[in-house]
Amino acid sequence: MNLHDIRKELFTAVIGDVMDGMGLYRQLLPPEIRPLDPATVLVGYAMPVLEADCYGVEIASEGRTAAFGKMFAALDSLKRDEIYLCAGGSGLYAQWGELMSTRARVLGAAGAVVAGYSRDTKGIFSMGFPVFSRGCYALDQGVRGRVIDYRCPIEFSNGTVVEPGDLIFGDIDGVVAVPRARTEEVIGAALEKVRGENAVRKAIEQGMSTVEAFETYGIM
């Protein structure tokens, strides 16, 4: 599957509409998850990460990295075109930042999507790395949250479940997850729909009424 073509031709709404028609009704992530840069278009494959709230830095395991749980292992496991996709916990602190973006970009990752906040916004903007989050907030996860698992199914607060390898598409209208087993079917239908919508748009611009356009193309 050509991610470049998907990025160029598709958008969140049409992918979501197609999945609604297939009975996949809960595939958009919560609406508060937005792109830091409204012009961002994100396409890649889910590398799900599970976060949990904590308090302080004292935990049973030892080592300087233990306070973040499995976060560093999860980050270092990213592969080309994968997306660090984090859910779990309260989400009331930053789950992503500039140095994480730097490491992810070096590994060829496509971007990051977190159910909590992101920080180091100026640095992330300067490198142009695609990040979707609840917004910008400096509060660190170090003493408030830990990654407890990764490359596992995760569930967002609105009931959307994402599994490893699901196709993720994000833009200004939100983030949608396409189940891996249905990806070719969904994307094929979405491309067909968007090309049909382009034909309808052109017909309307040339004077066709909306009634006639719907009767002709079955799209509106």
Side-chain angles (χ1 to χ4, degrees), residues 1-49 77-87 96 100-101 104-115 118 124-125 127-133 150-151 153-156 158-202 217-220:
M1 181 167 297
N2 192 319
L3 298 183
H4 174 76
D5 290 344
I6 295 173
R7 180 182 291 104
K8 181 179 179 181
E9 294 195 57
L10 296 183
F11 46 95
T12 298
V14 71
I15 298 173
D17 289 352
V18 163
M19 287 196 287
D20 278 350
M22 297 177 177
L24 300 170
Y25 300 137
R26 307 183 88 176
Q27 298 307 124
L28 263 79
L29 273 54
E32 61 267 21
I33 300 177
R34 315 295 300 173
L36 290 186
D37 180 351
T40 299
V41 177
L42 173 65
V43 186
Y45 300 102
M47 197 286 281
V49 176
S77 82
L78 280 169
K79 297 178 176 62
R80 180 164 296 279
D81 294 326
E82 286 190 331
I83 295 169
Y84 185 102
L85 191 79
C86 183
W96 191 261
M100 296 177 75
S101 297
R105 186 175 65 172
V106 166
L107 294 171
V113 177
V114 298
S118 57
I124 293 173
F125 274 160
M127 70 178 69
F129 190 76
V131 174
F132 286 65
S133 71
Y150 63 99
R151 296 194 181 279
I154 57 175
E155 183 177 9
F156 286 82
N158 65 342
T160 301
V161 175
V162 182
E163 299 193 13
D166 287 352
L167 181 73
I168 304 299
F169 187 100
D171 60 20
I172 193 172
D173 287 328
V175 180
V176 64
V178 182
R180 179 174 52 183
R182 306 288 296 273
T183 298
E184 290 191 11
E185 177 187 8
V186 169
I187 296 304
L191 287 169
E192 181 179 352
K193 180 175 171 62
V194 78
R195 289 163 185 170
E197 288 180 350
N198 290 337
V200 171
R201 185 181 302 107
K202 184 175 181 180
Y217 297 98
I219 297 173
M220 183 54 61

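All figures in this text were calculated on a predicted structure; none of them were measured in a lab.
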Handout entry: Residue pair Val43, Leu10: steps toward the side-chain contact (heavy atoms from CB on, under 4.5 Å) verdict
Key = CA-CA 10 Å; Val43 186; Leu10 296 183; over 6 Å; no
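- Of the possible polar contacts, one joining the Arg34 side chain to the Ile172 backbone as a donor-acceptor pair under 3.5 Å is found.
- By the side chain to side chain donor-acceptor pair (under 3.5 Å) test, Arg201 pairs with Asn198, sequence neighbours left out.
- For Leu29 against Phe156, the heavy-atom pair with the smallest separation is CD2-CZ, 3.7 Å.
- In this structure, the separation between CG on Asp171 and OG1 on Thr12 is 3.0 Å, given to the nearest 0.5 Å.
- Atom CG in Leu107 sits 9.5 Å away from atom CD in Glu82 (nearest 0.5 Å).
- Annotation: side chain of Leu3 is in contact with side chain of Asp81 (closest heavy-atom distance under 4.5 Å).
- Here Asn158 pairs with Thr160 under the side chain to side chain donor-acceptor pair (under 3.5 Å) rule; sequence neighbours left out.
- A 4.5 Å side-chain heavy-atom check between Met19 and Tyr25 finds every atom pair outside the cut-off.
- Of all heavy-atom pairs spanning Met47 and Leu78, the tightest one is CE-CD2, 3.8 Å.
- Of all the heavy atoms in Val18 and Ala189, the pair that sits closest is CG1-CB, 3.7 Å.
- Side-chain contact between Cys86 and Val113: absent, with no pair of heavy atoms (C-beta onward) separated by less than 4.5 Å.
- More than 12 heavy atoms of other residues, nucleotides or ligands sit less than 6.0 Å from atom NZ of Lys79.
- Once rounded to the nearest 0.5 Å, the distance linking OH of Tyr45 with CZ of Arg180 reads 11.0 Å.
- In the displayed structure, Glu32 atom CD is contacted under 6.0 Å by more than 12 heavy atoms of other residues, nucleotides or ligands.
- To the nearest 0.5 angstrom, Ile154 atom CD1 is 9.5 Å from Asp166 atom CG.
- With Phe132 as the fixed residue, the side-chain contact (heavy atoms from CB on, under 4.5 Å) test singles out one of Val114, Thr40, Leu36: Thr40.
- Phe129 approaches Ala112 most closely through the heavy-atom pair CE2-N, 3.9 Å.
- A donor and an acceptor atom, one from each side chain of Ser133 and Trp96, are nowhere located under 3.5 Å apart.
- The distance from atom CG of Leu42 to atom CD1 of Ile168, rounded to the nearest 0.5 Å, is 8.0 Å.
- Between the side chain of Thr183 and the main chain of Pro179, a donor-acceptor pair closer than 3.5 Å is present.
- Across Phe169 and Ile6, no two heavy atoms sit closer than the pair CE1-O, 3.6 Å.
- The two residues Ser77 and Tyr150 come nearest to each other via the heavy atoms OG-CE1, 3.7 Å.
- The distance from the OG atom of Ser101 to the CE atom of Met127 is 5.5 Å, given to the nearest 0.5 Å.
- Partners of Arg182 according to the side chain to side chain donor-acceptor pair (under 3.5 Å) rule, which considers only residues two or more places apart in sequence or in another chain, are Glu185.
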Problem - Chi angles and distances behind the side-chain contact (heavy atoms from CB on, under 4.5 Å) call for Val178, Ile15 - result: CA-CA 8 Å; Val178 182; Ile15 298 173; 3.8 Å; yes
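- Looking at Asp37 and Phe125, their side chains come closer than 4.5 Å, going by heavy atoms from C-beta outward.
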